[in-house]
Number of protein chains: 2
Amino acid sequence: MPTQKPMLTQKPMLTQKHGQELINFAHQVADAVGEIHRKYFRQPVSTEYKDDSSPVTQVDKESETRMREMVMARFPEHGILGEEFPPHQTDAEFVWVIDPVDGTKYFMTGHPTFALLLGLAYQGEFILGVIDQAISKERWLGADNVGTFLNGKKINTRKCASIEQCIIARAGFEWHTKGRDQYIDKIWQATHWAQWGVAPYDYGLLAAGHLDMVITAGPLVHDYAALGPIINNAGGLVTDWFGNKLTLNSPNHVVAVGNAALMPDVIKLLNFHEGA
Amino acid sequence: MPTQKPMLTQKPMLTQKHGQELINFAHQVADAVGEIHRKYFRQPVSTEYKDDSSPVTQVDKESETRMREMVMARFPEHGILGEEFPPHQTDAEFVWVIDPVDGTKYFMTGHPTFALLLGLAYQGEFILGVIDQAISKERWLGADNVGTFLNGKKINTRKCASIEQCIIARAGFEWHTKGRDQYIDKIWQATHWAQWGVAPYDYGLLAAGHLDMVITAGPLVHDYAALGPIINNAGGLVTDWFGNKLTLNSPNHVVAVGNAALMPDVIKLLNFHEGA
């Protein structure tokens, strides 16, 4: 008798125990990195500049080094994809994606809105995310089948009724991205108001119900790996600019809404040039 | 025998005792308003919209009302110029200029970068200023002949050696101020890097030596009254875009530098269209 094969899309569920172990570990990493962030905040730090002229400080390097050491010591079979150092066994079942300081320029100018970002992919899908702001001591943690929490308190997005009523933040744009500005302008004109934001802090504020939409252009995987678990498990939705789920290889920009029902119309506005 | 008349520009010095009394009172006002800010932060607040479509919340109104009550009770002979209510005896020798929540939109979206602003003019010149961020609990206070303090610790601007090395923040611009963008672009191209800022928090960061230049367009008196005492007494310089001292009636935009020696060149860049 033929036996039915399991569907390829059907993934083994993480046990509750296993999930809790990963969550506890994510907190330990955030605690350790937070100490490094606080040590250097508003202090002189040695800085180099990358090819794209973005700064890298000793805080970025020391933070990522610490995170890598912790992952390798505790879960030697897991992979690591970080911003500052080469990838490590990224074909593993579990891959940690780390941005040691998202918003390095804000860190360097004394703004308490930079953050540690930590995402965990399981078989290529993000299942756990952390945004940690070490100065304001705000930590967002979202995990599939568990929910999203800000400093341990369960949070939910708010459900803005229409695009017209949305308050939005845009972040991560260079000053002159004229080719992209037209898309953002369309959204801006359609919403209640828009402000310059600070990613990833604004994504955390959206998860907690204080913003309705956040849009960023051109983030890399370490900039968005944490977002899906945090926003989707708070009742919102985050995708690329075409409405696709974020993966380890998302090629596009990122948009999040508190009210998932609005996303189809947001995607249309962001792609208004297509087929028009 | 003719006696020499005192020069009109020669103003009576405030006694040390009198200055300390005013400083103590400014702290009391900031303490009282900070309680109101913390009470409403990230809570639902009732909101109206002004003719220019900017929001006014019950936090703005309650904060300004409290400040006015305190000034009138303690210094009934002083004047008051606030953002939300009509001017009160502004021909007085001392006039308090108050912005109950600078950055109302940031307040409403949960960013801990809004602030209370409090400036004191003596015979038309600003002598005392406070920027108070009630969530991060950061208070800048600057006073002539006394200095500038962040949470009680004396601070100084840093002295960037050249415009090319400056890290700058711009804030308070609408998205499309194309007529103004050309001036800002000139500055941006000339500096090390520029970022979207949050006024007035960035002016505080400049006073404390974390930024080299901050530029804002179109602020009103309650947006800038606190800045001169805070930045100039920390060793920097704040003026309008033509290099003029800020007064109760400054008609122009605002620029601050940590290294006052750079200001003439900054003013030239901001007015490059003149006589070119």
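In the displayed structure, B/Lys154 atom NZ is contacted under 6.0 Å by more than 12 heavy atoms of other residues, nucleotides or ligands. Counting heavy atoms of neighbouring residues, nucleotides and ligands inside a 6.0 Å radius, atom NZ of B/Lys39 exceeds 12 of them.
In this structure, chain B has no heavy atom under 4.5 Å from any part of A/Gln133. Neither the backbone nor the side chain of B/Ser136 comes within contact range of chain A; no heavy atom of the residue lies under 4.5 Å from a heavy atom of that chain. Using a 4.5 Å cut-off between heavy atoms, B/Glu138 touches chain A through its side chain atoms alone.
B/Leu205 and A/Arg42 make their closest contact through CD2-NH2, 3.6 Å (heavy atoms, listed as atom of the first residue, atom of the second, distance).
A tilted orientation is assigned to the rings of A/His111 and B/Tyr201, their planes being inclined by 30° to 60°.
Note that OH of B/Tyr106 is 16.0 Å distant from NE2 of A/His210, once rounded to the nearest 0.5 Å. To the nearest 0.5 Å, atoms CD1 (A/Ile168) and OG1 (B/Thr109) are separated by 12.0 Å.
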